[in-house]
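Below: the structure, in C-alpha cells.
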Amino acid sequence: MPRVRLQNVVAARWSPNGEAIGTLDLSKDGNFPFAANVFTPAEQRKRLSPETYRKLEATLRRGAPLDPALADEVAEAMKEWALEKGATHFTHVFQPLTGLTAEKHDSFFTPVGNGDAIANFSGKALIQGEPDASSFPTGGVRATFEARGYTAWDPTSPAFILENPNGALLCIPTAFASWTGEALDAKIPLLRSMDALSRSAIRALRLLGDDDAQRVYTTVGPEQEYFLIDEHYYYERPDLVTTGRTLFGAKPPKGQELDDHYFGSIPERVLACMLEAENQMAKLGIPVKTRHNEVAPAQYEIAPMFENANVCSDHQQLMMQVLQRTARKYGLVCLLHEKPFAGVNGSGKHNNWSMSTDTGDNLLDPGDTPAENTQFLFFCAAVIKAVDKHQGLLRASVANIGQDHRLGANEAPPAIISIFLGTELEKAFE
C-alpha cells in the first residue's frame with residue numbers, strides 16, 4: 001500500500017482513545033469547573049482577612065501602588081491556594097516583543113539545614129521578578145549593565161494554575177519593563193492606552209452629564225479561528241512545520257467554493273478535541289461561548305464573551321496555548337497562522353471591541369434611536385477620528401511576518417485601514 005494511502009487510512013479510522021473527560025450532571029453545584037484554577041476575587045475573599053480584601057479591592061479600583069505589607073498577605077494566601085492545587089513552582093508570565101509568552105519557573109520549596117524543605121512565597125517575589133532581558137527584543141541598543149528586565153505583577157489579571165499530568169504551576173500575569181523603565185512587552189502599552197482612554201472618556205462623560213462613572217474600560221471579545229491538521233499530513237510538509245504555512249505546491253482541488261464546511265456538523269474527532277480544550281479553558285476562567293466549523297476545509301472557530309481588554313489579552317494567549325497542546329492528544333496539529341493556505345480563509349481574530357463605564361454603560365451601544373443618542377454619536381465620532389488620525393500607528397501595530405505574507409483569500413488585507421458604518425449609521429452621520 002502506498003505510503004500516503006496508508007496515512008489516509010489511519011487518519012480516517014481514528015476513534016476516541018486515551019483519557020476521556022466523560023460527562024457530568026451540570027445541574028449540580030460544583031460540577032461545572034468554571035474558574036476552578038483561578039485565584040478569583042471570590043477565592044481571595046475566602047482566604048484573606050476582610051480588612052486585607054477591602055484594601056486590595058480598593059487598590060485595584062483606584063489603580064494605586066500596592067502596599068508591601070498587603071502584598072505579603074496576598075502572597076501567603078496565593079501560595080496556600082496553589083499548594084492545595086498541587087503547584088510546586090510559580091512563574092511570572094509576560095508577553096515580550098517576540099509574539100509569544102515567556103515564563104521562568106521558580107520553586108516554592110527551599111531546603112533547610114536539617115534536610116527538610118519549606119515552602120516560601122513573599123510579597124516581594126509576587127510583585128517583582130528579574131529575568132535576564134539581554135536576549136529579548138528591546139527596540140534599541142543598551143549598555144550591558146542596563147540589559148536587565150523586570151516583571152511587575154498585574155493584579156488586575158488574576159493568577160491561575162496550569163495543570164500538567166506530572167504536577168501544576170502557579171502563573172502570575174505580569175508586565176515587563178527595562179531597567180530604565182521602557183516597555184519591553186505588549187502589555188504595558190495596552191495598560192497605558194487604557195488609562196489614557198479612560199481619562200479622556202471620563203472628561204467627555206462629565207460634559208455629557210454623567211457624574212457617576214469613575215472609569216471607562218475597553219472591552220474586547222476576539223473570535224479565534226484555527227485549523228486542525230492531521231499530524232501525518234503536517235509532517236509531510238517541511239514548510240508547514242517550519243513556518244506554519246504552505247510555501248510551495250499547487251492549490252487543493254477543492255477549496256471553499258460552496259462554503260459547505262461552514263457551520264457544518266463538527267467531526268467526532270474534532271469535537272472531542274474541542275470539548276477537552278474548552279473544559280481546560282473553563283477551569284482557567286476563559287468565558288468561551290461559541291464553537292463552529294468555519295468556511296475553509298479543516299478550519300474552525302472558538303469565541304469568548306466580552307471581557308476587560310487586559311484580561312482578555314491574557315486569556316487569548318492562554319486559549320491559543322490550550323488549543324495547540326490539546327490538539328496533539330488527538331493526533332492533530334493546531335495552526336494559528338493568519339493565512340496558512342493559499343486560496344482559503346485563515347486563522348485570524350476578529351476583535352469585537354467597545355468601551356464601557358464602571359457603572360455598566362456601553363458607550364458604543366447605539367440604542368433604539370442612534371441618530372438622537374448624543375453620547376453614542378460623540379464616542380462613535382471619536383473612534384472614527386482616531387482611526388483616521390492614527391491609521392499609520394494602527395497599521396504598524398499589525399505589521400508582522402504573518403500578517404504581511406498572506407496566502408489566503410477573502411477578508412481585508414492589513415494594509416487597508418477602513419471603517420464601515422452600515423447604511424443606517426451612515427445616514428445618521430451624514
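As the structure is a prediction and not an experimental result, all values here were calculated from the model.
Judged as a side-chain hydrogen bond (donor to acceptor under 3.5 Å, both in side chains), and not counting sequence neighbours, Ser356 has no contacts. Qualifying side-chain hydrogen bond (donor to acceptor under 3.5 Å, both in side chains) partners for Asp358, counting only residues two or more places apart in sequence or in other chains: none. Every residue was checked against the salt bridge (charged side-chain N to carboxylate O under 4.0 Å, His left out) condition with Lys349, not counting sequence neighbours, and none meets it. With sequence neighbours excluded, the residues forming a side-chain hydrogen bond (donor to acceptor under 3.5 Å, both in side chains) with Asp239 are Arg237, listed by chain and number.
Atom-to-atom distance recorded for Cys273:SG and Glu278:CD is 10.0 Å, nearest 0.5 angstrom. Atom CE of Met194 sits about 12.5 Å away from atom CZ of Arg199, to the nearest 0.5 Å. From Tyr300, atom OH reaches atom CD of Gln224 across 15.0 Å, with rounding to the nearest 0.5 Å. Taking NE2 of His292 as the start and CD1 of Ile266 as the end, the distance is 9.0 Å to the nearest 0.5 Å.
Using a cutoff of 4.0 Å between basic side-chain nitrogens and carboxylate oxygens, Lys55 and Glu73 are not scored as salt-bridged. A salt bridge does not link Arg206 with Asp212: none of the charged nitrogens is closer than 4.0 Å to a carboxylate oxygen. Under a 4.0 Å N-O distance rule, the pair Glu76/Lys79 qualifies as a salt bridge. Using a cutoff of 4.0 Å between basic side-chain nitrogens and carboxylate oxygens, Lys46 and Glu43 are scored as salt-bridged.
Aromatic ring orientation, Phe108 versus Phe121: perpendicular (interplanar angle above 60°, classes split at 30° and 60°). The aromatic rings of Phe341 and Phe227 sit perpendicular, their planes meeting at an angle over 60°, well past the 30° parallel limit.
Of all heavy-atom pairs spanning Trp153 and Leu126, the tightest one is CB-O, 3.3 Å. Here the shortest heavy-atom pairing between Gly285 and Phe34 reads O-CZ, 3.5 Å. When all heavy atoms are compared, the tightest approach of Leu228 to Ala327 is CD2-CB, 3.9 Å. Taking both residues in full, the closest heavy atoms of Gln316 and Pro222 are given as CG-CG, 3.6 Å, listed atom of the first, atom of the second, then distance.
Residue pairs meeting the salt bridge (charged side-chain N to carboxylate O under 4.0 Å, His left out) criterion with at least one partner in residues 80-94, sequence neighbours excluded, are Arg47-Glu84.
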Sequence neighbours excluded and cut-off under 3.5 Å, please list the side-chain donor-acceptor pairs for residues 156-172, or say none.
| residue | atom | partner | partner atom | Å |
| --- | --- | --- | --- | --- |
| Thr156 | OG1 | Asp154 | OD1 | 2.5 |
| Thr156 | OG1 | Asp154 | OD2 | 3.4 |
| Thr156 | OG1 | Asn310 | ND2 | 2.8 |
| Ser157 | OG | Asp314 | OD2 | 2.6 |
| Glu163 | OE1 | Lys283 | NZ | 3.4 |
| Glu163 | OE2 | Asn37 | ND2 | 3.4 |
| Asn164 | OD1 | Asn166 | N | 2.9 |

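In this structure, Phe94 has its ring center at least 6.0 angstrom away from the ring center of Tyr150.
Between the side chains of Gln280 and Thr326, at least one donor-acceptor pair of N or O atoms lies under 3.5 Å. A side-chain donor-acceptor contact under 3.5 Å links His92 and Thr151. Side-chain contact of His105 with Glu103: a donor-acceptor pair under 3.5 Å is present, judged by distance alone. With hydrogens and angles left out, the side-chain atoms of Asn352 and Glu223 include a donor and acceptor closer than 3.5 Å.
Glu294 places a side-chain heavy atom less than 4.5 Å from the side chain of Asn345.
The side-chain contact (heavy atoms from CB on, under 4.5 Å) test with Cys334 singles out one residue from Gln324, Gln321, Arg325, and that residue is Gln324.
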